[in-house]
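All heavy atoms count here, side chains included; hydrogens, waters and symmetry mates do not.
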Amino acid sequence: MGKLSLSGLTVWMLCSAAFAQERPADFATQVPLAVSGTGPWYRLELPLAVQLSARQADLSDVRVFNAAGEPQAYALSRQSAQRSETRNVTDVKWFPLYAADTEQALPDVVMKATTTGTLVEITPSSAPKPGKQVLRGWVLDASAIKAPLQQLSLDWSHDQEGFQRFSIEASDDLQHWQAWGDGQVARLSFADERVEQHDVSLPGQSARYLRLVWQGQAAPLLTSAQLVSATRSHLALPLVWSQPLAGTRLKAGEYSWQLPTGLTLERLRIELKQPNTLAPVTLAGRRDSQQAWQPLSNGVLYRLTQNGRDVVQDELQLPGQTVAELKLTVDERGGGLGVEAPALRFAVRATQLVFLARGEPPFTLALGNASAKAANLPLSTLIPDYSAERLKTLGQASVTGEIATAPPAVAPAADAGTDWKKLGLWAVLLLGVA
């Protein structure tokens with residue numbers, strides 16, 4: 001074992017002082033861990049069900065212990081430490097794609113471009129067949145955008161209402177295309193109001209050109225096309241979704257849900273059981289029943305049948321605030337969501353825990369102590385040569401076995417006399433710093 005540097009020794013003694021009185025029995029929940037790969041650092045993606053056992057929303061009461069009950073130095077990697085991005089909105093040019101009908105495969109095309117790759121014209125590689133040509137889609141020129149593409153925003157002729165569903169493909173040469181999934185935008189008239197949805201999420205990859213192809217229907221005439229690109233210093237951790245959560249009907253058109261604990265929510269999914277449901281909604285949240293409701297989001301939820309298939313929009317995007325209660329208000333001119341409160345699923349950003357294994361396994365994850373103080377270190381302190389690439393090479397830890405839950409032990413009252421142990425720890429610490 002190599003020698004500890006002065007800074008490493010200081011960190012170790014700080015952790016020892018912070019952990020001096022803690023033991024697994026102080027925490028209500030103990031979760032067995034299994035480790036694999038190369039140590040001594042291991043990273044664990046905390047399952048949402050385990051996170052909900054914490055008594056503190058910021059996970060200050062999370063600890064890792066070894067077989068002897070000794071606490072391990074650890075760090076938490078959360079979204080707040082991952083997000084660092086620059087977003088840009090760019091208006092792009094679009095070029096039409098025609099075919100003989102709405103089911104025919106698109107013909108090959110020939111492009112004319114400048115030396116920088118900017119499109120000037122797109123024409124079929126062969127003469128079109130006689131007869132009426134149908135507008136099947138559009139090619140968007142993103143050659144001037146170097147950052148990964150995050151979002152597409154479209155506007156189209158106002159005399160074309162309803163849903164617009166299309167496939168999205170990406171290419172760097174207009175010959176080889178990679179599928180990027182499906183998109184859906186809409187313009188609907190509702191109760192003397194107009195409901196519009198213009199934005200489509202993209203997978204966060206780079207491409208010079210995008211191809212949008214309408215299936216089974218003619219494409220609308222575009223009036224605007226924008227691409228949102230973003231450069232991130234680190235990739236965001238994925239979202240994790242909860243199990244369905246039952247709610248309560250407060251009154252007609254108003255429902256509430258109590259979360260297991262305060263959570264930083266990023267998305268919600270409302271169950272829409274009945275076909276042909278259309279519901280403009282407003283969502284509010286708060287940390288506890290003593291606070292006033294704060295607006296979080298609004299939108300239109302729907303489950304409609306179009307061309308024999310269901311078209312569903314059941315999610316709301318949230319600003320990432322910490323809340324413990326939610327309230328949904330529904331404009332019932334659309335028919336409402338029924339007498340019973342719909343089930344709700346929520347999504348939070350995944351959390352990774354990285355710990356430095358010391359002592360013998362098995363290791364145990366412990367959490368559930370309302371009075372515990374935060375003891376996590378920055379990743380750059382826990383891992384001296386830390387980098388995003390280094391994080392990927394660490395050993396893996398995973399939850400195994402049953403989750404044991406019990407009331408945390410009550411620590412005996414401290415004697416009124418001098419705490420020689422604490423004084424000794426601080427003396428060693430100051431000596432080490434000196």
Side-chain angles (χ1 to χ4, degrees), residues 11-35 42-81 240 242 258-265 287-290 322-325 348-359 361-379 381-382 397-415 419 421-422 425-426:
V11 168
W12 178 82
M13 287 188 295
L14 281 171
C15 293
S16 298
F19 289 144
Q21 304 300 322
E22 291 184 345
R23 50 201 175 92
D26 296 332
F27 299 84
T29 301
Q30 287 89 44
V31 185
L33 298 179
V35 295
Y42 296 94
R43 58 188 177 99
L44 164 71
E45 185 168 313
L46 292 175
L48 182 57
V50 173
Q51 293 186 49
L52 296 180
S53 300
R55 300 287 177 84
Q56 302 185 43
D58 61 356
L59 300 181
S60 293
D61 56 333
V62 170
R63 300 289 188 271
V64 177
F65 295 94
N66 62 17
E70 298 171 330
Q72 311 291 285
Y74 73 98
L76 290 174
S77 177
R78 312 193 74 181
Q79 177 61 13
S80 58
V240 289
S242 72
Q258 179 70 49
L259 303 180
T261 185
L263 295 169
T264 303
L265 306 183
R287 284 178 176 266
D288 57 60
S289 58
Q290 305 303 316
T322 301
V323 294
E325 296 181 60
V348 299
R349 194 62 61 178
T351 298
Q352 282 189 345
L353 181 148
V354 180
F355 68 94
L356 175 60
R358 180 175 58 88
F363 297 98
T364 301
L365 177 73
L367 62 169
N369 186 326
S371 61
K373 304 299 182 183
N376 54 299
L377 299 169
L379 272 170
T381 302
L382 184 70
S398 59
V399 171
T400 181
E402 297 294 329
I403 300 175
T405 303
V410 178
D415 294 337
D419 190 343
K421 184 175 181 180
K422 182 179 294 185
L425 284 170
W426 281 108

Peer 1: With a 4.5 Å heavy-atom cut-off, do Leu263 and Leu52 have their side chains touching?
Peer 2: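 With C-beta onward as the side chain, the pair touches.
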
Peer 1: CG/Leu48 to CZ/Arg349 distance, rounded to the nearest 0.5 angstrom?
Peer 2: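 Taking CG in Leu48 and CZ in Arg349, the distance rounds to 13.0 Å.
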
Peer 1: If you round to the nearest 0.5 Å, how far is OG of Ser242 from CD of Gln51?
Peer 2: 12.0 Å

Peer 1: Using salt bridge (Lys or Arg N to Asp or Glu O under 4.0 Å) as the criterion, list what pairs up with Glu45, not counting sequence neighbours.
Peer 2: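 Not a single residue meets the salt bridge (Lys or Arg N to Asp or Glu O under 4.0 Å) criterion with Glu45.
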
Peer 1: Is the gap between the ring centers of Tyr42 and Phe363 under 6.0 Å?
Peer 2: no

Peer 1: Tell me the closest heavy-atom pair linking Thr322 and Gly262, and the distance in Å.
Peer 2: CG2-C, 3.9 Å

Peer 1: Between Val64 and Leu44, does the side chain to side chain contact (heavy atoms under 4.5 Å, CB included) criterion hold? Intermediate values first, please.
Peer 2: CA-CA 11 Å; Val64 177; Leu44 164 71; over 6 Å; no

Peer 1: So, does Arg55 use its side chain to make a donor-acceptor pair with the main chain of Leu367 at under 3.5 Å?
Peer 2: no

Peer 1: Using every non-hydrogen atom in the two residues, find where Leu46 and Leu59 come nearest and quote the distance to one decimal.
Peer 2: CD1-CD1, 4.0 Å

Peer 1: Can you tell me if Gln56 uses its side chain to pair, donor with acceptor, with the backbone of Ala372 under 3.5 Å?
Peer 2: yes

Peer 1: Please name all residues satisfying side chain to side chain contact (heavy atoms under 4.5 Å, CB included) with Ala75, sequence neighbours left out, ordered by chain then number.
Peer 2: Leu379, Leu382

Peer 1: Is there a donor-acceptor pair closer than 3.5 Å between any side-chain N or O of Asp61 and the backbone N or O of Ala370?
Peer 2: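 Here the side-chain-to-backbone pair does not exist.
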
Peer 1: So which heavy atom on Ala350 is nearest to which on Val240, and how close?
Peer 2: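 Answer, listing the atom of Ala350 first, then Val240: CB-CG1, 4.2 Å.
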
Peer 1: Please give me the minimum heavy-atom distance between Leu365 and Val62, naming the atom from each residue.
Peer 2: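 Here Leu365 and Val62 meet closest at CD1-CG1, 3.7 Å.
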
Peer 1: Report the distance from atom CG of Leu33 to atom OG1 of Thr400, rounding to the nearest 0.5 Å.
Peer 2: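 Reported to 0.5 Å precision, the distance equals 9.0 Å.
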
Peer 1: Nearest 0.5 Å please: distance from the CG atom of Asn66 over to the CZ atom of Phe355.
Peer 2: 10.0 Å

Peer 1: Short question: side chain of Gln72, backbone of Glu70 - any donor-acceptor pair under 3.5 Å?
Peer 2: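 It does hold such a pair.
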
Peer 1: Of all heavy-atom pairs between Ser60 and Tyr74, which one has the smallest distance, and what is that distance?
Peer 2: O-OH, 4.3 Å

Peer 1: Does Leu259 offer a backbone N or O that forms a donor-acceptor pair with the side chain of Glu325 under 3.5 Å?
Peer 2: no

Peer 1: Measure the spacing between OG1 of Thr364 and CZ of Phe65 and express it to the nearest 0.5 Å.
Peer 2: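 The distance works out to 9.0 Å.
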
